[in-house]
Amino acid sequence: MSTELLINVTPSESRVALIENGVLQEIQLERIGNLGIVGNIYLGKISRVLPGMQAAFVDIGLDKAAFLHASDIVNSASIVEGVDDEPIKKVQDIRELVRQGQYIMVQVVKDPLGTKGARLTTDITIPSRYLVFMPDATHVGVSQRIETEEERSRLKKIVAEYGDDNGSFIVRTAAEGASEEELRHDAGFLRKLWERITSRRQKTSKASILHEDLTLAFRTLRDYVGEDMERIRVDSKLTYEELKLFTEEFVPLLSQVLEYYPGERPIFDLFDVETEIQKALHRKVTLKSGGYIIIDQTEAMTTVDVNTGAFVGHRNLEETIFNTNVEATSAIARQLRLRNLGGIIIIDFIDMVSEDHKRRVLHSLESALAKDRTKTNINGLSALGLVEMTRKRTRESLEHVLCDVCPACSGRGSQKTVETVCYEILREIVRVNRAYAADKFMVYAAPAVSEALLNDEYHNLAELELFIGKQVNIQTESLYSQEQFDVVMM
């Protein structure tokens, strides 16, 4: 599989596109003044303890207070004896763990999403090229993606020597095949970084940032180490030079594929990335066969509906449905990555009768999601034929980053018909006439509504004038939305 990264940098924004086999799969962006804060470490001040939610709000110097749950506090859980002597984990009461006004070191695990503040943890983790340092851990972990038992044992044995009572490490997937010298260098770098953070903590007496994670371009290179990357192109000379120094020191493997792109043509036009981004903001995604899927984001979950559309198949209805569902699995997996959709996701495949078809569709979905670096979990088909799954959410979706609520419908996705607004105006005139004394009325309305009142609904308007015994004039306001109107007494 051919994999390429395109890095587009402007003074106000950085964007990274992941291209697989010539097709856009993921897009990430970071804007000046709105940088992601996942991975940042803060000294926070407990501003409020909420026993009813077993959580606390923490002031970390942002506009919104961040959220810290009791289960996200290190050493908050203890093992107790449960039913049938089975051990269960019990989380301590939040009031026993923190108190209002207390200062505490925390790390952001989720960016602020919508009206919610950032999600925090006290379980600090600091990643580098090969390792992740955990100050509060005493054990060595190895990535599950390293499958060879011999290699897992080798890495664990080497890294175990670098751990002590002041912290330990997790071995990342990129460490597979790494030399002892490279691992030692990584461990030493992380130790020094942690010492710098703790030193800042001792010198600070107010809520503030102690450590800021890498910016998007650097973070992407760090996280894609170990991937089979064919080429990385950057359209900013300054960013290219900075990334070159970074890769030579920390990621030599990627240094060989890093290129500066000086072309006149915008870098994102190489693979039609801009067009794909615009398509990713639409509800409807068309399949090659003629079928389509509809994707809707709500506050609670994301829903995906699969339809045959213009696809009529070749053999029989059951085969047509099966083929459409299988084709949809690849499209759904790509859209989840491209739109960065997370949380609860409900997929409504077209109803299938054959149990074999159901199993094969689920397997196809699992295979398509295997390429996703973000953790996903499929719960199988429900009794209603719905696939319930989750995808880890750490940052806002593409739609929430690029779009705002529609001012015309306030996010409903629909607006009142012209006929409905006309009747609302007529009722409002009657209500105002009964409440106040007026000689005549002036109605200000949107062009389509005004035209309807003077044409299709004119007979109703004329009857109303006879009923109230007063003249009603219509005035068109081109800046009014379809639902907006004013009834003014003259």
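In this chain, numbering begins with 1 at the start of the sequence shown.
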Would you tell me whether Ser289 and Glu327 have side-chain atoms, one donor and one acceptor, within less than 3.5 Å of each other? yes

Could you check whether Ser47 and Gln100, counting side-chain N and O atoms only, form a donor-acceptor pair closer than 3.5 Å? no

Can we say Glu30 and Arg15 salt-bridge, meaning some charged N sits less than 4.0 Å from an Asp/Glu carboxylate O? no

Sequence neighbours left out, what passes side chain to side chain contact (heavy atoms under 4.5 Å, CB included) with Leu384? Give chain and number order. Ser382, Leu386

Could I get the full list of side chain to side chain contact (heavy atoms under 4.5 Å, CB included) partners for Ile37, not counting sequence neighbours? Asn40, Tyr42, Leu62, Val108, Asp111, Pro112, Ala118

Ring-face cation of Lys237 near Tyr260 (centre distance under 6.0 Å, axis angle within 45°): yes

Got a sec, which pairs hit side-chain hydrogen bond (donor to acceptor under 3.5 Å, both in side chains) with one end in residues 329-339, sequence neighbours left out? Glu20-Arg337, Glu26-Arg337, Glu276-Arg334, Thr329-Ser364, Gln335-Arg339

Closer than 4.0 angstrom, basic N to acidic O: yes or no for Glu150 and Arg154? no

For residues 189-210, the salt bridge (charged side-chain N to carboxylate O under 4.0 Å, His left out) pairs (sequence neighbours left out) are Asp164-Arg191

Check against side chain to side chain donor-acceptor pair (under 3.5 Å), Asn325 and Asn323: CA-CA 5 Å; Asn325 284 338; Asn323 290 333; over 6 Å; no

Report the residues that fulfil side chain to side chain contact (heavy atoms under 4.5 Å, CB included) with Ser179, sequence neighbours left out, ordered by chain and then residue number. Glu181, Glu182

Taking side chain to side chain contact (heavy atoms under 4.5 Å, CB included) as the test, write out the residues that go with Leu6, two or more places apart. Glu4, Ala17, Ile19, Arg233, Ile267, Phe268, Phe271, Val273

Within the side chain of Glu230, is there an N or O that forms a donor-acceptor pair under 3.5 Å with the backbone of Thr3? no

